[in-house]
Chemist: 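Dropping a structure here in C-alpha cells format, bear with me for questions.
Quick note: residue numbers are just sequence positions, from 1. Note that these values count all heavy atoms, side chains included, but never hydrogens, waters or copies made by symmetry.
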Amino acid sequence: MTISVADNILQIDKELAMTDRLVIEDITLPIVLERSNRKSLSISVTEDISLKIKAPVRMSEREIERFIAGKRFWIYKQAVRVRKANENRVSYSEDEEKKLREEARSVLTKKSEHYKELLHVEYKKIRIGDQKTRWGSCSSKGTISYSWRLILMPEEIQDYVVVHELCHLHEMNHSKRFWEWVASIIPDYQRRRRWLKSHGEEYM
C-alpha cells in the first residue's frame, strides 16, 4: 500500500502491500501498522521518520487510509519537525557521554536535594539513564530517573524537570493539585514546559 499525497489527492497502490509507505511531497515515511484490541486509531511520526499506526483489529484498510488522508498535512508537519531535529542532533563519543552522565548525576542530584527540602518530600534514589521518550520519571517506590541529556539544556529547564518529578512524590498524576505544587516552586512552569515540548527533540 503506497500512499502518495500531491495536490490534495490520495492514491493507493494495492500491489505494494508488503512495502507500505507514505509519500508526502519530498518525504517518504515507511508505515508500521500495529493491530490490537484497542478501540480507536492513533498515528505518530517516529524518530526514524516512520509513520506508526495503532489500529483496532477489525478496522479495515480503507478506514485507515481515509484517516491518514485526513491527517496528511499534520503528518507532513510532524515529519519535517522530526527531520529537522535529526539534522540538528549532536553525537557524542563514549568518553564524552560518560563525562556528561557524571556531570548530570552531580548537577541533578544537587538540584533534587535542594528542591526536596522546599517541597518537603523524600525520594529513595536518583537514577541517570538515556530515556528515549521522557526527560524524567518518578516511580511509586520513590526512584527519580533523569535523562543525562538534561545536562545539555538551559539550567531553568533542568530545574523544571527536577521539580516536576519531585512533585510526583506528592501527586502521582497530573491533576490540578499536582500543577499547583509545581507552580509553588516554579510560577512560570508553563513557559518552561512549552520550551521543552518545542526544543526537547533537538537534544534527544
Side-chain angles (χ1 to χ4, degrees), residues 34 36-47 52 54 71 74-75 77-82 84-86 88-90 92 96-204:
E34 295 180 359
S36 66
N37 292 325
R38 61 185 295 124
K39 296 181 179 181
S40 60
L41 185 150
S42 70
I43 60 175
S44 61
V45 177
T46 63
E47 185 179 333
K52 187 172 184 178
K54 295 182 179 180
K71 294 288 187 178
W74 178 88
I75 295 169
K77 183 178 178 181
Q78 294 300 308
V80 169
R81 180 177 60 81
V82 173
K84 182 178 179 181
N86 287 343
N88 293 334
R89 186 168 292 116
V90 178
Y92 296 93
E96 289 173 330
E97 181 177 329
K98 182 179 179 180
K99 290 179 180 178
L100 288 169
R101 281 176 177 267
E102 292 172 352
E103 184 180 356
R105 177 173 295 281
S106 175
V107 170
L108 297 175
T109 297
K110 288 178 181 177
K111 289 183 178 296
S112 298
E113 286 294 303
H114 170 70
Y115 285 115
K116 81 171 188 178
E117 299 299 328
L118 299 180
L119 288 164
H120 306 291
V121 295
E122 287 291 341
Y123 56 82
K124 186 174 181 181
K125 64 179 178 179
I126 298 293
R127 178 180 173 273
I128 303 298
D130 191 15
Q131 297 91 324
K132 299 299 183 183
T133 59
R134 60 180 64 183
W135 295 106
S137 63
C138 176
S139 75
S140 58
K141 295 182 179 180
T143 296
I144 305 293
S145 298
Y146 299 119
S147 168
W148 68 266
R149 296 176 187 272
L150 279 171
I151 200 62
L152 304 172
M153 293 187 172
E155 186 173 3
E156 66 171 7
I157 303 303
Q158 297 171 14
D159 289 338
Y160 163 68
V161 173
V162 169
V163 169
H164 182 115
E165 299 312 328
L166 290 176
C167 284
H168 279 308
L169 295 171
H170 280 299
E171 301 284 339
M172 291 297 292
N173 51 51
H174 289 104
S175 63
K176 179 181 178 181
R177 182 58 181 156
F178 167 81
W179 291 114
E180 288 174 350
W181 276 112
V182 175
S184 70
I185 305 298
I186 301 181
D188 68 337
Y189 76 87
Q190 291 180 326
R191 177 183 64 82
R192 304 189 197 193
R193 188 183 182 203
R194 286 194 297 270
W195 188 96
L196 191 58
K197 286 186 175 182
S198 297
H199 301 282
E201 286 191 358
E202 299 170 14
Y203 294 82
M204 276 295 186

Chemist: Would you say that more than 12 heavy atoms from the other residues, nucleotides or ligands in this model lie under 6.0 Å from the CG of Asn37, or not?
Modeler: no

Chemist: With a 6.0 Å cut-off (strictly less than), is the heavy-atom count around CZ of Arg191, excluding the residue itself, greater than 12?
Modeler: yes

Chemist: Would you name the heavy atoms of Ser42 and Arg38 that are closest together and state the gap between them?
Modeler: OG-NH2, 3.4 Å

Chemist: How far does OG1 of Thr143 sit from NZ of Lys124, to the nearest 0.5 angstrom?
Modeler: 6.0 Å

Chemist: So, do Met172 and Cys138 sit near enough that their side-chain heavy atoms are less than 4.5 Å apart?
Modeler: yes

Chemist: For residues Val161 and Trp135, report the shortest heavy-atom separation together with the two atoms involved.
Modeler: CG1-O, 4.1 Å

Chemist: Counting neighbours of CD on Glu155 that are heavy atoms of other residues, nucleotides or ligands and sit closer than 6.0 Å, is the number greater than 12?
Modeler: no

Chemist: Between Trp74 and Ile43, is any pair of side-chain heavy atoms under 4.5 Å apart?
Modeler: yes

Chemist: Can you measure from CD (Glu103) to CH2 (Trp148) and round to the nearest 0.5 angstrom?
Modeler: 10.5 Å

Chemist: Is there a donor-acceptor pair closer than 3.5 Å between any side-chain N or O of Arg192 and the backbone N or O of Glu156?
Modeler: yes

Chemist: Return the CZ to OG distance between Arg127 and Ser147, rounded to the nearest 0.5 Å.
Modeler: 10.0 Å

Chemist: Quick one: are Leu150 and Leu108 in side-chain contact, heavy atoms under 4.5 Å?
Modeler: yes

Chemist: If you take all heavy atoms of Leu119 and Ser184, which pair is closest and at what distance?
Modeler: CD2-OG, 4.4 Å

Chemist: Measuring from atom CD1 of Ile186 to atom CD1 of Ile157, what distance do you get when rounded to the nearest 0.5 angstrom?
Modeler: 9.0 Å

Chemist: Of the non-hydrogen atoms in Ile75 and Val45, which two are nearest, and what is the gap between them?
Modeler: O-CG2, 4.0 Å

Chemist: Between the side chains of Arg101 and Glu97, is the shortest nitrogen-to-carboxylate-oxygen separation below 4.0 Å, so that they form an ion pair?
Modeler: yes

Chemist: First locate atom OH of Tyr115, then atom SG of Cys167, and finally report the distance between them rounded to the nearest 0.5 Å.
Modeler: 11.0 Å

Chemist: Only one of Lys116, Lys110, Lys111 passes salt bridge (Lys or Arg N to Asp or Glu O under 4.0 Å) with Glu113; say which it is.
Modeler: Lys116

Chemist: Under the ring pair (Phe, Tyr, Trp, His ring centres under 6.0 Å) rule, what pairs show up with a residue in residues 151-174, not counting sequence neighbours?
Modeler: Tyr160-His164, His164-His168, His164-His174, His164-Phe178, His164-Trp179, His168-His174, His168-Phe178, His170-Trp181, His174-Phe178, His174-Trp179

Chemist: Can you measure from CD1 (Ile128) to CZ (Arg105) and round to the nearest 0.5 angstrom?
Modeler: 5.0 Å

Chemist: Using a distance-only test with no angle check, is there a side-chain donor-acceptor pair under 3.5 angstrom linking Gln78 and Arg81?
Modeler: yes

Chemist: Between Arg177 and Glu180 (salt bridge meaning N to carboxylate O under 4.0 Å), is one present in this structure?
Modeler: yes

Chemist: Determine the minimum heavy-atom distance between Leu166 and Ser112, stating which atoms define it.
Modeler: CD1-O, 3.7 Å

Chemist: Answer whether the closest heavy-atom distance between the side chains of Met153 and Trp195 falls below 4.5 Å.
Modeler: yes

